[in-house]
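Please read the structure below before turning to the comments.
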Amino acid sequence: MEREVVILDIDYISYEDKPVIRLFSKDGDKNVILIDDSFVPYLYVYSNDPDECIDDLDELLDNVKIEKLNKKDFQIEKTFIKVTFTHPQELSKHRDEIRDLDSVVQIREFDIPFYRRYLMDRDVIPMTKVKASGEKLDSFSALDSEKHDVEIIKLDKALQRVDENFNDFRILSFDLEVRNPHGMPDSQEDEIIMIGVASNFGINQVISTKKNSPERDDFVCQVSSEKEMIQTFADIIKENNVDIIVGYNSDNFDFPYLIDRAKINDVDLDLGMDGSDIRFIKRGFTNAASMKGLIHVDLYLVMRRYMTLERYTLERVYYELFGEEKIDVPGERIWEFWDNGGEELDNLFDYSLDDVVSTLKIAEQTLPLNLELTRIIGQPLFDVSRMATGQQAEWFLVKQAYFDEEVVPNKQGSNFTDRANAEDNEGGFVLEPDKGLHENLVQFDFRSLYPSIIISKNISPDVLVEDDVEDSGEYNVSPEHDLKFMKTPQGFIPSVIDKILQERFRIKREMKACDDPTEKKALDVQQQAIKRLANTMYGIYGFPRFRWYSFECAKAITSWGRQYIKYAMKESEKYGFKAIYADTDGFYAKYVKK
DNA sequence: CAGAAACGGGG
DNA sequence: GTGTACGTTTCTG
C-alpha cells in the first residue's frame, strides 16, 4: 500500500536481535508508524596496512561485514575499512577493541547515534511530507495497533519526498499549578490543583477540582479528584491527535511533576503513539521528557537561544515578544489564592489560562523558525529544539560530509579539550564608546562579516597549510599569525557556507517574486533559519568539543575581521568621519569635517 | 584568590 | 542511547 505521511519522530527498537527503525508519522488524523529493518550500523577504520588490518578485524569479530573503500578525509582520498555490524550495541561493544588493535591508526564515525545515521544516510527529513510504500502489518513486536489506533507499514522501498511544505501541525501547550504552602513544590507532598491546556485547534481550558463563579464556566472544567484531572489531561492529548506538545520549563518541572503525581494517583500516562509511557532522556545533567510520536518542545530552552535577555521567565519573554504584561500571581501565594476561594480563586483560574495561552502564543511565534532549522539540519525537532546552535551547525555539517563522501573528524579527547580551553582567541575589535552626546552620526556594518571571511579567505582545516612553506601567491595568509590557507580547492566548510548562502539568496529572490503573503512569510522564515546557521559556522571553529574545532581557523577569522573593520574606519576618515564606537563587524562614526 | 559549587526555569 | 549541558555567578577553603 501507499500513503503520504508527515514524519514526526524516529527511534529504533530491537526485533529478533536486529535493529528496526520506526518513523512516527501522521496522515491527517491517522497515526502511522513506518518500519524499516533494512538499515545497519557501521564505522570506519583507518590503517597504514589495510590488508593486515582486515585480517586482524576478521580474527577479532564475528558477524560483521568488512570492506575496503575509498573515502575523503579532509579532501584527501584515502582507503578506509568499513565495518558493518548487525546491531548498534555490537558496534558499541567492540569499538574499543578495534581501536586498540596494533594495525589500527584510528576509528571514525563510531559515535553517531543510530537513528541520526539513518536520517542522514537515507536522506529522511523530519517534519516533511513523504510518500511511503510497503506492506501493512496488523501488529509488530509489543505494539498493539488495534488498541492504539495506529497503522503500521513495513517499508519496501525508499521514501519519496513530496514537494509540498507542511506546516499545519496540531500544537498544544500545558501548564500545572500546584498547592505548595511550604516553599518550592514537593511532588510527594503537594497536589496539582490545576492543569491548563491551550491549543491551536480550539481547546482552551483549565482542568481543576474546584470551580467558582459561573463567568469562568466557559474554560474551567471541574473534575472530582486530582486523579481524574491527570486522566482528563491525558485523554485530551490522546483524543486530539496532538503533534507537538509545548510547555515552559516542562523538561524540568511540569513533566517530572506530572509523572510523580500520576504514579501516586495510579494513572497511566501512556501518551506515546505506540502506547508507551513518557520517558526521560538523559542530557548531561538535566533530563528531557520524551514521548514516542508526540514531540515535546520545552520553550524555555528554545527562547534562551532565540533572543538575548538578562532573564528568561515566561513573563519576561512574553513581554519582549508581544509588549504586553501577563497576569501575575506570585508563586509563593498560589496556595492562598486556592484556599481562600472567591475572587482570588477566579484570579488563579485566569492566571492559569493566561499562562498556557501565552505559552501557545510564544510557540506559534517561534516554532516556524525551528521547523525550518529542523528540516535544514535534518534531525528531529525534539533534538534540534534542545541543541545549542553550535551543535545544530555540527549536525548539519555531518550530513553535508556524508553527501561529499567525507569521513567526519573525530571529537577531540578530553585532556586536549582542557588544553584547548585555555587557549584564548582575541575576538573582534572593539573601540570603547566615546562618551557624550554626538551629532551627525553614520552607521557602518559588514554584512555577515565572519561567514564572508571564511568564504573569501577559504578558511578551513582541510586547506590549512601546517608546514613552514614559502608563499608565492597560492595561499591566503592571515594578517597576524601568518596562517596559510590554500586558495584552491575550496575548503569543506567554506563550500558548505557558500552553498547555504546561495540557497538563502535563491529563497530571497523567490520571496521577491512571491505574491501570496502566507507563502512569503514562510520563505522569510526559511531564509532567516539559513542565516542563523551560516552565522553559527564561525563558532564551530572556536569550541574545542566540536568536530571541526580549529584554533588556527578561529584565530585567522577574527584577525582578518579586525583588519577589515580597522581598514573601514581608516577609510572613513578620508571622508571626514571619526569613529566613536566599534564592535566586531560595524562602527558608528561622527561627521567631523570635509 | 583559585577552584568548587550552585544556578537557571518552574510553583 | 554508536555522543551526555553550559556559561556565569556565588561560595568556600
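Lettering of chains follows the sequences in order, A, B, ..., and the numbering in each one begins at 1.
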(message) Let me spell it out: for each of Gly331(A) and Thr286(A), pick the nucleotide of DNA chain B with the closest heavy atom. Which residue's pick is nearer the 5' end?
(response)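 Whichever sits nearer the 5' end wins; that is Thr286(A).
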
Heavy atoms under 4.0 Å, any strand shown: does [X] hit a base, just sugar-phosphate, or nothing?
X	result
Arg304(A)	base
Arg117(A)	base
Asp11(A)	nothing
Leu301(A)	nothing
Gly183(A)	base
Ile112(A)	base
Tyr257(A)	nothing
Tyr42(A)	base

Which pairs would a plain distance check flag for residues 299-309 of chain A, meaning a side-chain donor or acceptor within less than 3.5 Å of a matching protein atom at least two apart in sequence or in another chain?
residue   : atom : partner   : partner atom : Å
Tyr300(A) : OH   : Arg304(A) : NH1          : 2.6
Arg305(A) : NH1  : Val384(A) : O            : 3.4
Arg305(A) : NH1  : Ser385(A) : O            : 3.2
Arg305(A) : NH1  : Met387(A) : O            : 2.6
Arg305(A) : NH2  : Asn370(A) : OD1          : 3.1

(request) Taking side-chain contact (heavy atoms from CB on, under 4.5 Å) as the test, write out the residues that go with Lys361(A), two or more places apart. (result)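 Residues passing side-chain contact (heavy atoms from CB on, under 4.5 Å) with Lys361(A): Tyr318(A), Phe322(A), Glu324(A).
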
(request) With sequence neighbours left out, write down each residue that passes side-chain contact (heavy atoms from CB on, under 4.5 Å) with Phe280(A), or none if nothing qualifies. (result)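 Only Phe255(A), Pro256(A), Ile259(A), Asn287(A), Ala289(A) meet the side-chain contact (heavy atoms from CB on, under 4.5 Å) criterion with Phe280(A).
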
(request) Taking atom CZ of Phe74(A) as the centre, report whether more than 12 heavy atoms of other residues, nucleotides or ligands fall under 6.0 Å from it. (result)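 It does: Phe74(A) CZ has more than 12 such atoms within range.
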
(message) Can you confirm whether more than 12 heavy atoms, excluding those of Lys263(A), are under 6.0 Å from its NZ atom?
(response)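 No.
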
(message) Working note: Arg547(A) + Asp111(A), criterion salt bridge (charged side-chain N to carboxylate O under 4.0 Å, His left out); need CA distance, chi angles, decisive distance, verdict.
(response) CA-CA 11 Å; Arg547(A) 290 175 193 272; Asp111(A) 55 359; 3.0 Å; yes

(message) Can you give me the first and the last nucleotide of DNA chain B (5' to 3') that has an atom within less than 4.0 angstrom of a non-hydrogen atom in chain A?
(response)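 In short, chain A contacts DNA chain B from dG8(B) to dG11(B).
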
Mind calculating the distance between [atom1] ([X]) and [atom2] ([N]) to the nearest angstrom?
X	N	atom1	atom2	answer
Phe114(A)	dG3(C)	CZ	C1'	16 Å
Phe280(A)	dG1(C)	CZ	P	14 Å
Lys411(A)	dA5(C)	NZ	C1'	12 Å
Asp251(A)	dT4(C)	CG	C1'	14 Å
Ile281(A)	dA5(C)	CD1	C1'	15 Å
Phe546(A)	dG3(C)	CZ	P	18 Å
Tyr312(A)	dA5(C)	OH	C1'	16 Å
Leu43(A)	dG3(C)	CG	P	12 Å

(message) With a 4.0 Å cut-off on N to O distance, would you call Arg22(A) and Asp36(A) a salt bridge?
(response)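 So Arg22(A) does not pair with Asp36(A) through a salt bridge.
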
(message) I'd like to know if Lys72(A) and Glu406(A) make a salt bridge, using a cut-off of under 4.0 Å between side-chain N and carboxylate O.
(response)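 Looking at Lys72(A) and Glu406(A), the cut-off is not met.
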
Determine the interatomic distance between [atom1] on [N] and the same-named atom on [M]; round to the nearest Å.
N	M	atom1	result
dG9(B)	dG3(C)	C1'	26 Å
dA5(C)	dC7(B)	C1'	13 Å
dC6(C)	dG1(C)	P	13 Å

(message) With the threshold set at under 4.0 Å for non-hydrogen atoms, list the residues of residues 388-397 of chain A touching DNA chain C in residue-number order.
(response)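 Heavy-atom cutoff 4.0 Å gives Gln391(A), Trp395(A).
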
(request) Using heavy atoms and a sub-4.0 Å distance, could you list which residues of residues 345-370 of chain A are near DNA chain C? By number, please. (result)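 Within this stretch, nothing sits under 4.0 Å of the strand.
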
(message) Is it the case that the ring center of Tyr541(A) lies less than 6.0 angstrom away from the ring center of Phe543(A)?
(response)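 No: the rings miss the under 6.0 Å criterion.
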
(message) Less than 3.5 Å apart, any donor N or O on the side chain of Tyr115(A) or Asp383(A) sitting next to an acceptor on the other?
(response)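 Checked: Tyr115(A)/Asp383(A) side chains pair up, N/O donor to acceptor below 3.5 Å.
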
(request) Classify the side-chain pair Glu344(A)/Asn340(A) by whether it contains a donor and acceptor separated by less than 3.5 Å. (result)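 A donor-acceptor contact under 3.5 Å links the two side chains.
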
(request) Using the salt bridge (charged side-chain N to carboxylate O under 4.0 Å, His left out) rule, take Arg179(A) and Asp339(A) through it: C-alpha gap first, then chi angles, then the decisive distance, then the call. (result) CA-CA 9 Å; Arg179(A) 187 184 176 280; Asp339(A) 286 4; 2.8 Å; yes

(message) Students often mix this up, so state it plainly: with edges at 30° and 60°, are the rings of Phe39(A) and Phe114(A) parallel, tilted or perpendicular?
(response)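 Judged by the thresholds at 30° and 60°, the geometry between Phe39(A) and Phe114(A) is tilted.
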
